[in-house]
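Okay, so here's the structure we're looking at.
Below, chain A is the first sequence line, B the second, and so on; all start at residue 1.
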Amino acid sequence: MPRMRMNQAISAAIADEMRADPDVIVLGEDVAVAEGPFKTSAGLLDEFGPLRVRDTPISEMGFLGAAVGAAATGLRPVVEIMFVEFLGVALDQLSTEGAKFHYLSGGRVTVPLTVRASVGAGLGFGTQHSQTLEGWVMGTPGLKLAVASGPATAYGLMRAAIRDDSPTVVLEPRRLYAQRENVTTGPEGVIPLGTARQVVGGDDATIVALGSTVGTAAQAEAAASWSAEVIDLQSLQPWDRDMVYESVARTGRLVTVEENPLFGGWGADIVAAVAADLFGELEGPPLRITAPDVPVPFGKELEERYMPSSDYIDEQVAGLLQTGRVPPPWWEAEKGSP
Amino acid sequence: MPRMRMNQAISAAIADEMRADPDVIVLGEDVAVAEGPFKTSAGLLDEFGPLRVRDTPISEMGFLGAAVGAAATGLRPVVEIMFVEFLGVALDQLSTEGAKFHYLSGGRVTVPLTVRASVGAGLGFGTQHSQTLEGWVMGTPGLKLAVASGPATAYGLMRAAIRDDSPTVVLEPRRLYAQRENVTTGPEGVIPLGTARQVVGGDDATIVALGSTVGTAAQAEAAASWSAEVIDLQSLQPWDRDMVYESVARTGRLVTVEENPLFGGWGADIVAAVAADLFGELEGPPLRITAPDVPVPFGKELEERYMPSSDYIDEQVAGLLQTGRVPPPWWEAEKGSP
Amino acid sequence: MSMPANRLERRQALQDDRRARYERMVEIRALENKVQDLFDEGLVHGTTHLCLGQEAVAVGVAAAARVSDTVTCTYRGHGVALALGLTPVDLLGEILGREAGSIGGIGGSMHLSEPDVGLLPTFAIVGAGIPVAAGAALTAQVRGTDDAALAVFGDGATNIGAFHEALNLASVWNLPVVFVCENNQYGEYSRIDLTTPVDDIAVRAQAYDLPSEVVDGQDPDNAAAAVAAALERARAGGGPTLVEMKTYRYAGHSRADTAPYRPEGEFERWYEKDPIVNYGRRLVDEGLLSGDELDAVKTLVDESIAAAVETVLSSPPPPLAAMFDNVLAP
Amino acid sequence: MSMPANRLERRQALQDDRRARYERMVEIRALENKVQDLFDEGLVHGTTHLCLGQEAVAVGVAAAARVSDTVTCTYRGHGVALALGLTPVDLLGEILGREAGSIGGIGGSMHLSEPDVGLLPTFAIVGAGIPVAAGAALTAQVRGTDDAALAVFGDGATNIGAFHEALNLASVWNLPVVFVCENNQYGEYSRIDLTTPVDDIAVRAQAYDLPSEVVDGQDPDNAAAAVAAALERARAGGGPTLVEMKTYRYAGHSRADTAPYRPEGEFERWYEKDPIVNYGRRLVDEGLLSGDELDAVKTLVDESIAAAVETVLSSPPPPLAAMFDNVLAP
Ligand SMILES: Cc1ncc(C[n+]2csc(CCOP(=O)(O)OP(=O)(O)O)c2C)c(N)n1
Ligand SMILES: Cc1ncc(C[n+]2csc(CCOP(=O)(O)OP(=O)(O)O)c2C)c(N)n1
Ligand SMILES: [Mg+2]
Ligand SMILES: [Mg+2]
């Protein structure tokens with residue numbers, strides 16, 4: 001089981017799929033010669049050559065659209081959107097075209113497209129390069145959406161996405177690219193889309209985390225006086241209701257931990273589903289731990305505080321367990337103060 | 001109190017703001033000479049001339065971006081995005097640029113931009129022209145978002161949006177353009193952003209509706225054996241917690257009625273907030289009545305069934321009240337059948 | 001004379017049979033007129049975008065392209081779809097939202113599709129099909145086949161970013177794709193000169209160092225020859241071409257639009273170049289068809305369209321369950 | 001010689017004072033070098049995009065534009081911002097995330113802003129500032145002032161849709177805007193010829209029937225003259241111009257990139273055209289400055305930058321509460 005960084009795991013996953021299937025190609029800005037701005041396509045150009053591994057002009061609409069067309073005619077393109085915000089100049093091709101081809105061809109055209117995008121705060125890239133933006137992609141029937149939480153899930157989800165016949169988005173928390181861990185490679189390492197993963201067992205609550213918050217939540221749990229089952233959701237569309245429901249039915253409490261602002265965040269969907277379907281089994285209010293409803297600030301201290309920390313998760317969950325109520329977020333106190 | 005169609009009310013609202021403020025301008029495809037594909041800018045070119053009322057090339061990114069720049073330098077542009085899907089080629093300018101200028105200028109640049117977009121199903125425009133897509137805009141700190149539910153709210157919200165100094169999106173359910181009602185024009189007709197409106201009083205549940213579902217929900221309530229307070233949310237960002245919480249605290253039950261697919265819909269945010277903050281006061285599970293998680297189908301019968309009907313709302317709410325559980329959606333039965 | 005019913009045969013017929021080209025243009029016109037009638041009768045739920053007057057472009061493109069080439073096309077795609085081989089039932093079924101339609105009534109007028117003859121689902125978003133065609137060409141290039149791709153789009157679409165990005169990308173990668181601009185002089189209710197500061201769209205190819213050509217799009221042979229030359233270059237590794245077809249939209253933009261914004265006399269001037277009238281005349285002059293045969297084509301086509309309408313009107317609407325099919329790939 | 005501290009004076013100084021232009025270029029270079037040092041020392045949270053080598057373009061643009069004109073610019077905007085009048089403290093404060101920064105440390109290197117000298121918040125999304133500048137020009141046109149707008153962007157940005165749409169729109173509406181392309185030969189790690197099939201970006205103006213010019217961007221007077229001519233035309237109702245500045249990026253794309261992808265000898269060839277060395281020489285030749293004075297400028301600038309660093313390092317980080325300010329307008 002090789003130990004690798006998340007960006008190495010991503011490169012490895014793509015390479016493994018490229019070896020298995022000559023139809024897999026890779027497109028993006030500086031993904032070939034430079035091996036990706038985050039080194040997530042290391043070695044690919046060397047091994048697979050310039051026909052299959054291509055640098056593009058700065059034209060996200062153009063090359064994402066080309067990937068849709070290539071996918072619709074038989075290839076399996078893996079497209080890098082360097083920062084998820086750049087989908088703002090290309091969303092049409094993903095959501096309105098690619099996601100709807102299968103439907104609009106009576107099932108006769110498939111679009112086995114993988115779109116990879118780096119997401120999240122923590123590296124000082126500033127307001128326009130630090131969001132997670134799941135909301136732009138969620139709620140698009142026809143798309144799948146997965147989020148990596150470290151090297152192993154990045155490897156496993158990426159391979160699953162490339163193999164999947166539906167267009168699939170894989171989000172990669174940028175600040176985890178340098179994180180290392182042992183990764184099960186090969187077929188056993190593939191993680192089926194739509195399945196979640198228990199990270200830690202526990203009884204007082206079910207914590208559902210995604211991407212960058214998985215590690216933070218697990219860390220919080222490890223140090224806390226309370227105990228919780230921490231679930232890495234892994235896939236957001238579709239998401240693993242079975243695992244989440246089973247856990248909440250047992251613990252009686254649901255907590256989501258999200259890097260995004262509260263309003264419009266993915267946690268609302270999980271909470272709404274659980275509140276509806278497990279109403280009688282909830283022993284306390286569902287709690288969403290999120291970032292505040294502000295653009296991502298740059299200053300280091302601010303940016304760090306923007307993201308939910310393990311201390312903050314501990315405080316919030318402890319508060320919930322002690323009072324039986326949803327504690328106010330940290331910024332309620334801060335916002336008023338000078 | 002003149003009786004008008006919703007498209008007339010929109011034209012009137014824009015005209016009233018243009019009369020009051022020479023900085024208000026109107027841009028969009030065929031909004032000037034042709035007075036808008038949905039006649040939502042009737043009379044504007046005639047009255048205000050070609051400097052202020054402009055037809056654009058088919059360049060949503062270009063003219064939305066130009067509107068951001070014009071707003072940042074002192075004008076108050078009102079931009080028409082003919083179908084909300086077209087934001088897919090222009091979202092960057094709205095969400096990543098315009099919404100963040102105020103933040104990124106230390107509060108010294110304001111962007112008093114109004115983006116109008118028609119939304120929704122019901123007129124047979126097909127999969128790429130029938131969605132509501134609130135999710136593309138929600139969760140963007142810096143933006144406001146309102147949704148018209150008929151002529152009066154269209155008038156009132158439009159005027160408020162044009163006057164507001166933050167970039168504001170107003171969504172207009174396309175199938176209501178021809179709906180008529182008496183409209184309070186003038187300053188009294190303005191509806192403050194962030195306020196909801198009680199449409200009907202009632203006790204068994206609180207129904208929160210938005211845009212096209214407001215009328216349907218009210219109709220369902222009128223004919224039903226149960227009674228509910230029907231709230232027209234009017235604004236989604238920010239939304240009127242006070243009115244919703246007060247009502248749910250009284251009725252003990254929350255129902256959202258949404259034209260969008262379940263996953264990623266705005267109702268999840270309302271439900272998640274209520275489930276967290278009014279946990280102890282809920283007498284039953286929150287119920288989301290939505291469209292199924294599919295692209296909008298074209299065939300007339302299918303498209304009609306796609307949108308929640310008043311009968312379906314009645315059934316669902318009645319089911320909730322009778323069983324104390326969330327009833328399965330209609331498609332659970334349908335999906336399996338041949 | 002008889003009309004082939006099979007899609008592939010319909011398509012093949014256009015290749016060298018000029019009578020078939022004539023017939024197909026007559027069919028497109030008859031179908032579009034029928035669609036307008038059905039719309040006016042309230043039988044069409046939704047919208048329509050007719051290509052009346054643009055029949056020669058559609059036929060020219062289809063005559064030049066192979067079945068294994070990929071075509072992307074717009075909401076104004078009835079003509080192109082018919083020319084590519086789809087049948088009147090495929091189209092009318094879709095337009096009327098019946099099971100008989102090209103995708104079973106799930107798509108409607110703007111969303112036709114038939115992979116067997118190379119037609120990807122047609123695009124209701126202006127310009128969106130242009131990069132997608134570049135992508136289909138990429139498949140051919142990566143696989144080393146000599147297939148090509150064609151994007152058919154309007155003059156107005158050349159003002160949108162996707163056009164620019166696609167042509168640039170195709171040029172840089174030397175993709176086997178032909179960009180066919182149907183310059184019908186209008187985008188919705190606006191004349192091209194109000195939105196587009198160049199007289200010839202073809203000029204825009206220079207920004208990407210691409211060859212381009214201005215073509216009289218009212219003659220199907222002419223249109224076919226221009227597209228065929230561009231396709232040949234593409235297949236031989238010569239890269240993309242922008243082909244501008246000068247044409248004209250007889251009907252309004254959509255639905256009930258009667259195009260009151262057209263300057264007086266414009267329609268009449270264009271009608272002198274009517275592709276069907278002139279091509280028919282030419283075929284008669286050249287002795288390929290007699291005057292009687294021209295009439296017979298019209299009769300045959302009208303009958304076939306009438307039969308198609310009947311078939312479609314007796315086809316059921318899609319079952320409710322159909323809306324849940326094909327959301328995700330199996 | 002002394003450096004004006006006030007932003008407006010800093011800006012005015014460039015108008016006709018060529019020594020000030022020299023001084024400002026020296027300042028830009030010194031600041032950029034300092035930013036790289038601070039980055040290498042781990043003091044810069046996040047990223048940097050230096051404009052070393054492109055100083056003359058920045059100074060030329062700022063010298064030609066009025067304070068009441070609006071400028072949009074990219075993440076590679078330190079030079080343009082300094083030239084427009086922002087102070088080293090404004091910049092370094094922002095880059096280091098301190099309260100002293102242009103927007104109080106909320107934005108960082110890619111997000112500078114100063115409405116008093118016409119700088120809208122700089123853009124981290126490639127091409128996004130181009131339509132926004134067209135919009136600022138629209139304001140001038142609607143209000144009937146003779147102000148203009150300028151968009152500064154890279155060569156790589158001319159492959160994105162926003163460029164195309166903005167130039168077309170500006171042409172159709174005859175907006176008073178000048179599009180300044182800093183063609184520094186690279187987009188990230190890719191040479192322009194790998195992504196852009198034309199040698200001169202200026203060619204692309206033809207697609208919009210716009211005038212354009214290829215300018216030696218390594219001479220500030222030259223750059224200023226070209227922009228001034230374009231601005232004059234714009235103010236007089238002559239519409240937009242595309243001005244392509246040929247220039248070169250000495251540093252890598254960002255952060256720690258050392259640009260190993262550059263062909264051998266390229267840097268050296270460009271360094272012969274170094275804007276600062278050559279302009280300094282010229283001013284000496286023309287008798288405007290002595291050799292000693294050149295040295296004095298360098299010393300003065302270095303001192304000023306050192307002082308700015310000190311000021312900034314003693315400036316606190318923004319208070320937590322600052323992240324909640326200015327989300328919505330009051
Ligand atoms: C991105 C986008 N913007 C606007 C529209 C609305 N719209 C539909 S057709 C059309 C005109 C297109 O003109 P042109 O490209 O010349 O094609 P034509 O209709 O003339 O065939 C417009 C603006 C759209 N469908 N997509
Ligand atoms: C839409 C978008 N795509 C990609 C990027 C990533 N990116 C940042 S700078 C850059 C290169 C831009 O090149 P050019 O326009 O020539 O400007 P330069 O950096 O050379 O000044 C790229 C690709 C981005 N910021 N925005
Ligand atoms: Mg047209
Ligand atoms: Mg460059």
With a 4.5 angstrom heavy-atom cut-off, could you sort out which part of D/Leu194 is near chain C: side chain, backbone, both or neither? backbone
Could you tell me how the ring of C/Phe163 sits relative to the ring of D/His164: parallel (under 30°), tilted (30 to 60°) or perpendicular (over 60°)?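 C/Phe163 vs D/His164 ring planes: tilted.
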Taking C-beta and beyond as the side chain, do C/Ile160 and D/Glu165 meet within less than 4.5 Å on heavy atoms? yes
For chain C, which of D/Asn159, D/Asp209, D/Val198 has the most heavy-atom pairs under 4.5 Å? D/Asn159
Is it the case that atom CD in C/Glu232 sees more than 12 heavy atoms from other parts of the structure closer than 6.0 Å?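 12 or below, so no.
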What residues form a side-chain contact (heavy atoms from CB on, under 4.5 Å) with D/Asp199, not counting sequence neighbours? none
Taking C/Gly161, C/Gly127, C/Ala166, C/Ala162 one by one, which has the highest count of heavy-atom pairs under 4.5 Å against chain D? C/Gly161
Give the minimum heavy-atom separation between C/Thr195 and D/Asn168, together with the two atoms involved.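 Looking at all heavy atoms of both residues, the shortest contact is O-ND2, 3.1 Å.
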